[in-house]
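Comments concern the structure below.
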Amino acid sequence: MSTSTPGSGTPSIPLTADQRTAYEALYEKLETAIQNTTDVDLLKSLNPTKDSIGDLISADDQYLIQQDTAQFKALLTAINTTNDGLKDLKKKIAGVATKISIFGDVLAAVNKILTLV
């Protein structure tokens, strides 16, 4: 029913092969991240984001099967909700990365002092 230009912010329904592959790859990477962290705050973002992407992929499957207007609207909502969650997750991860950088600078300063003493 809808097509879009990649990167336009308007999703294609059904998902293009590239979009679907990207969502599936992100789902797998999130699963790996979830299994490899104990950061409770990060898990509070990662788990719902992974679930949202799983729901989006399922909605795309249903749309491909049924291809009706209701499924189109449901998939569009799932895509927009998931992408909003991804924007929030991106901000949180950027914050963590900034903290890591700051502590890296502190560690370098500590190491410098310890090599001078």
Subject >> Under 3.5 Å donor-acceptor, T37 side chain and A33 backbone >> reply: no

Subject >> Any donor-acceptor pair under 3.5 Å from D60 side chain to P14 backbone >> reply: no

Original post:
Do L64 and I13 sit in the same hydrophobic cluster, where Ile, Leu, Val, Met, Phe, Trp and Tyr count as joined when their side-chain heavy atoms come under 4.5 Å apart?
Top reply: no

Original post:
Is there a donor-acceptor contact under 3.5 Å from the side chain of E28 to the main chain of A25?
Top reply: no

Subject >> CG on L30 to OG1 on T49, rounded to 0.5 Å >> reply: 6.5 Å

**OP:** Rounded to the nearest 0.5 Å, what's the gap from CD1 on I79 to OH on Y63? Could you check?
**Re:** 10.5 Å

**OP:** Quick one: pull up OG in S52 and CG in L86 and give me the separation to the nearest 0.5 Å.
**Re:** 7.0 Å

Original post:
Taking 4.0 angstrom as the limit, do D39 and K44 come out as a salt bridge?
Top reply: no

Subject >> Hphob cluster co-occupancy, V96 + L89, side-chain heavy atoms under 4.5 angstrom >> reply: no

Original post:
Which heavy atom in L75 sits nearest to a heavy atom in L56, and how many Å separate them?
Top reply: CD1-O, 3.7 Å

Original post:
Roughly how far, to the nearest 0.5 Å, is CG of L42 from NZ of K92?
Top reply: 8.5 Å

Subject >> Interatomic spacing from CG in N83 to CG in D88 - rounded to 0.5 Å >> reply: 11.5 Å

**OP:** Give the minimum heavy-atom separation between T82 and I53, together with the two atoms involved.
**Re:** CG2-CG1, 3.4 Å

**OP:** Tell me, with the steps shown, if R20 and D61 meet salt bridge (charged side-chain N to carboxylate O under 4.0 Å, His left out).
**Re:** CA-CA 10 Å; R20 184 172 179 102; D61 289 339; 2.6 Å; yes

Original post:
Backbone N or O of L15 within a donor-acceptor pair of the S12 side chain at under 3.5 Å?
Top reply: no

Subject >> Check: S101 side chain, A97 main-chain N or O, donor-acceptor pair, under 3.5 Å >> reply: no

**OP:** I would like to know whether K73 and L76 meet side chain to side chain contact (heavy atoms under 4.5 Å, CB included); could you show each step before the answer?
**Re:** CA-CA 5 Å; K73 290 179 182 176; L76 181 59; 5.6 Å; no

Original post:
Rounded to the nearest 0.5 Å, how far apart are CD of Q19 and CD1 of I57?
Top reply: 12.0 Å

Subject >> Pair Y23-D18, side-chain donor/acceptor within less than 3.5 Å >> reply: no

